[in-house]
Visitor: 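The structure follows.
Basis for what follows: all heavy atoms, side chains included, without hydrogens, waters or symmetry-related copies. Every chain is numbered from 1 and lettered A, B, ... according to where its sequence line falls, protein lines coming before strand lines. Remember, predicted model here, so these are calculated numbers, not experimental data.
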2 protein chains.
Amino acid sequence: MTVTARETLIDTTQALLWERGYAATSPRAILDRAGVGQGSMYHHFAGKEALAVAAFERNAEVVFDKAAVVLRGEGTAVGRLNAYLLLQREVLRGCPVGRMAGDPEVLESPALRAVLARTFDRIRALAVEVVARGIEAGELRPDIEAAELADTVLAVVQGGYVLARAAADPVPFERAVQGAVALLDLQRQEI
Amino acid sequence: MTVTARETLIDTTQALLWERGYAATSPRAILDRAGVGQGSMYHHFAGKEALAVAAFERNAEVVFDKAAVVLRGEGTAVGRLNAYLLLQREVLRGCPVGRMAGDPEVLESPALRAVLARTFDRIRALAVEVVARGIEAGELRPDIEAAELADTVLAVVQGGYVLARAAADPVPFERAVQGAVALLDLQRQEI
DNA sequence: GTCTATACAACGATAGAC
DNA sequence: GTCTATCGTTGTATAGAC
């Protein structure tokens with residue numbers, strides 16, 4: 001076979017973790033969709049949790065990379081934060097990383113928890129850097145904590161997902177993001 | 001008995017929905033904690049879902065009422081939005097309403113979904129009213145959409161929960177809220 | 001490495017005695 | 001109204017053939 005069963009299992013689990021979260025994703029569901037026998041899964045992975053960790057790490061890497069492209073990109077601090085806020089997202093599918101924070105079984109699994117916490121830490125670090133540089137450069141008003149503004153931006157995105165999924169409508173997400181863009185605009189000062 | 005089994009079941013389910021969400025809350029867990037037999041539950045409710053709807057409605061009412069007190073309260077628009085942002089919350093327990101939006105089984109249940117969507121709609125309506133009045137009164141800059149700013153504020157709170165739970169630390173929530181307060185301050189204009 | 005067959009517990013729901 | 005006993009299904013994991 002061109003693609004190994006191991007890879008197929010991880011790919012399938014990535015999709016199911018995104019769609020359904022961890023607790024609601026059964027090995028049975030993974031195997032059925034992957035078209036792979038149960039033995040293969042337990043040959044390659046210790047169990048559901050180990051497979052989920054491998055898949056979640058890949059989902060997290062994709063999310064981080066997309067954030068990194070815009071947050072490390074060219075432009076002003078506000079321009080980069082806006083680019084992050086306005087990234088194209090499949091709003092109603094939810095954030096593949098953020099959605100895991102609502103799953104009690106994820107929080108109870110040290111391995112899954114670690115991926116979750118680390119991913120937000122890494123994105124936050126990028127955002128803090130953007131804000132701190134913006135303040136240094138005199139682009140942003142110095143009367144705000146870089147870490148606070150960074151977390152506000154991250155929270156708007158994550159909360160936007162929550163509001164949109166609750167409403168089964170992407171509009172609340174878009175409004176939340178547009179409101180944040182408008183607020184950030186006032187945070188700028190003449191250079 | 002002073003308290004009926006029906007009430008005990010709803011109380012217990014309220015707590016478990018908040019702690020674990022819907023999918024991860026089994027009838028067995030409810031009955032064990034409530035100290036009630038299985039027959040009582042199926043006598044008073046059609047099943048797990050019907051009991052969860054009754055319990056979720058109560059949790060939602062509590063959340064709405066707390067928001068309504070500050071959003072309908074005295075003070076300026078920014079003062080009321082700040083009061084909402086700074087409401088005392090059990091951050092690591094999560095929002096009893098917002099946490100349900102991450103549960104796939106909740107989104108698949110029309111009855112539970114309806115409670116979820118309606119609760120955010122009601123809180124949003126209060127926040128929009130606050131912002132719209134603030135703009136009318138000349139307290140807030142007129143160059144922002146009321147609905148956008150309202151959803152931004154709601155999203156900061158909901159996203160703050162996500163960040164805090166992911167980190168197992170309330171600090172990201174507090175930072176996100178403080179950043180939002182700082183941003184709102186710039187939205188004010190002299191009256 | 002991959003498969004099928006099976007084990008055993010927990011799930012949500014029902015039956016029927018009291 | 002409340003209880004215990006039981007049902008059928010699904011969950012995760014293991015056994016063992018190929």
Visitor: Measure from the side chain of A:K48, starting at C-beta and using heavy atoms only, and say which of D:dT12, C:dT2, D:dT2 lies closest.
Guide: D:dT12
Visitor: Need to verify one output field. Residue with the more 5' nearest nucleotide on DNA chain D, A:P27 or A:G39?
Guide: A:P27
Visitor: Between A:E49 (CD) and D:dA13 (P), how many Å, whole number?
Guide: 9 Å
Visitor: Taking OP1 and OP2 of D:dT14, is either one under 4.0 Å from a side-chain nitrogen or oxygen of A:Y42?
Guide: no
Visitor: Tell me the interatomic distance from B:F45, atom CZ, to D:dT2, atom C1', rounded to whole angstroms.
Guide: 14 Å
Visitor: Let me know the distance between CD of B:E108 and C1' of C:dG12, rounded to the nearest Å.
Guide: 16 Å
Visitor: Check the distance between C:dG12's P and B:I30's CD1 and give it to me in whole angstrom.
Guide: 8 Å
Visitor: In this structure, how many angstroms lie between the C1' atom of D:dA13 and the CG atom of A:L31, rounded?
Guide: 12 Å
Visitor: Think A:R99 forms a cation-pi with A:W18, using NZ or CZ under 6.0 Å from the six-ring centre and within 45 degrees of its axis?
Guide: no
Visitor: Are OP1 or OP2 of D:dG11 and a side-chain N or O of A:S26 less than 4.0 angstrom apart?
Guide: yes
Visitor: Would one find a side-chain N or O of B:H43 under 4.0 angstrom from OP1 or OP2 of D:dC3?
Guide: no
Visitor: Using atom CZ of B:R20 as one end and atom C1' of C:dA10 as the other, report the distance to the nearest whole Å.
Guide: 14 Å
Visitor: Residues sharing B:L31's hydrophobic cluster, by side-chain heavy-atom contacts under 4.5 Å among ILVMFWY, directly or via others?
Guide: B:L9, B:I10, B:L16, B:I30, B:V36, B:M41, B:Y42, B:F45, B:L51
Visitor: May I have the distance from A:E7 (atom CD) to C:dG1 (atom P), rounded to whole angstrom?
Guide: 13 Å
Visitor: Just to confirm, is there a sub-4.0 Å distance from OP1 or OP2 of D:dG1 to any side-chain nitrogen or oxygen of B:T4?
Guide: no
Visitor: Within a strict 4.5 Å, meaning less than it, do heavy atoms of the A:P142 and A:Q189 side chains meet?
Guide: yes
Visitor: Students often get this wrong, so: under 4.0 angstrom with heavy atoms, is A:G47 touching a base, only sugar-phosphate, or nothing?
Guide: sugar-phosphate
Visitor: State whether A:E105 and A:R113 are salt-bridged, where the test is any N-O pair (Lys NZ or Arg NE/NH1/NH2 against Asp/Glu carboxylate O) under 4.0 Å.
Guide: no
Visitor: Pick the closest DNA chain C nucleotide for B:A29 and for A:Q38 by heavy atoms, then say which residue is nearer the 5' end.
Guide: A:Q38
Visitor: Nearest whole Å is fine: how far is C:dT4 C1' from A:D32 CG?
Guide: 14 Å
Visitor: Do NZ/NE/NH1/NH2 and the carboxylate oxygens of B:E108 and A:R20 come within less than 4.0 Å?
Guide: yes
